[in-house]
Amino acid sequence: MSQQQRPDNVSIDEIPVDIDNTQSAEVDPADVPDEIESITRGLAGEQPPTNPLVVLKAARWWYIHGKGGTDPAFQWAIEWARHLATDTPSDIERFDEFLEYLVSVGFANERHELR
């Protein structure tokens, strides 16, 4: 490993994991890494990511920094990855919760701004 990792900032890829800020349930949009924000916004868009590994990267970040397994961004990312892997319809109710959550964390002022 060429990069030194501090005990409070660990990562398995280039996306840092802030140990002190894990599962705080309060996400500040300014703290979301650009790549995760881009993937997350993409999941709310007309042409969401089609690579399950990319989607799971965002799911991992939201799980760690959001509300854990109950985080709507995490749940939607997992649902979308399942859809990609199995080609089965996705749960529209989870998508609606995801859009509402993105508004609540400050990614948009209204749901329609996300699409």
Side-chain angles (χ1 to χ4, degrees):
M1 188 179 309
S2 63
Q3 218 176 13
Q4 288 288 347
Q5 293 184 342
R6 298 185 325 264
D8 63 339
N9 185 355
V10 180
S11 177
I12 59 171
D13 54 26
E14 67 278 0
I15 306 284
V17 174
D18 183 355
I19 300 298
D20 294 334
N21 200 21
T22 57
Q23 295 187 358
S24 65
E26 295 196 21
V27 175
D28 182 347
D31 294 337
V32 180
D34 292 341
E35 182 179 8
I36 298 303
E37 180 179 352
S38 176
I39 296 167
T40 303
R41 287 182 181 275
L43 287 168
E46 294 292 325
Q47 296 181 331
T50 57
N51 182 334
L53 296 176
V54 169
V55 175
L56 291 173
K57 186 180 226 180
R60 177 182 61 103
W61 191 92
W62 285 102
Y63 180 86
I64 292 169
H65 294 93
K67 300 175 183 178
T70 62
D71 188 273
F74 165 77
Q75 290 181 342
W76 177 249
I78 294 298
E79 177 67 14
W80 186 250
R82 184 193 62 78
H83 163 74
L84 292 172
T86 63
D87 199 30
T88 56
S90 53
D91 184 347
I92 194 67
E93 288 182 27
R94 284 195 197 260
F95 183 67
D96 290 340
E97 291 171 18
F98 167 64
L99 294 179
E100 291 296 328
Y101 180 65
L102 293 185
V103 170
S104 75
V105 297
F107 272 32
N109 292 325
E110 296 182 31
R111 282 178 49 167
H112 75 274
E113 292 177 10
L114 294 164
R115 294 203 131 230

Assign the ring pair Phe98 / Phe95 to parallel, tilted or perpendicular, where the plane angle (0 to 90°) is split at 30° and 60°. tilted
Sequence neighbours excluded, the answer for salt bridge (Lys or Arg N to Asp or Glu O under 4.0 Å) partners of Asp96 is Arg111
Atom [atom1] of [X] and atom [atom2] of [Y]: how far apart are they, to the nearest 0.5 Å?
X	Y	atom1	atom2	result
Asp31	Ile36	CG	CD1	13.0 Å
Thr50	His83	OG1	NE2	10.0 Å
Thr40	Trp61	OG1	CH2	7.5 Å
Trp80	Ile39	CH2	CD1	14.5 Å

Excluding sequence neighbours, so at least two apart, what forms side-chain hydrogen bond (donor to acceptor under 3.5 Å, both in side chains) with Thr88? Arg82, Thr86
Just to verify, what does Glu37 make a side-chain hydrogen bond (donor to acceptor under 3.5 Å, both in side chains) with, not counting sequence neighbours? Arg41
Work out which heavy atom in Val55 is nearest to a heavy atom in Pro49; give both atom names and the distance. CG2-CB, 3.9 Å
Can you check side-chain contact (heavy atoms from CB on, under 4.5 Å) on Ile78 and Leu56, steps first, answer last? CA-CA 7 Å; Ile78 294 298; Leu56 291 173; 3.7 Å; yes
Would you check, one step at a time, whether the test side-chain contact (heavy atoms from CB on, under 4.5 Å) holds for Val27 with Trp62? CA-CA 9 Å; Val27 175; Trp62 285 102; 3.8 Å; yes
Report the residues that fulfil side chain to side chain contact (heavy atoms under 4.5 Å, CB included) with Arg94, sequence neighbours left out, ordered by chain and then residue number. Gln75, Trp76, Glu79, Asp91
Give a yes or no answer on whether the side chain of Ser104 reaches the backbone of Tyr101 with a donor-acceptor pair at less than 3.5 Å. yes
Treating Ile, Leu, Val, Met, Phe, Trp and Tyr as nodes and any side-chain heavy-atom pair under 4.5 angstrom as an edge, say whether Leu43 and Ile92 lie in one connected cluster. yes
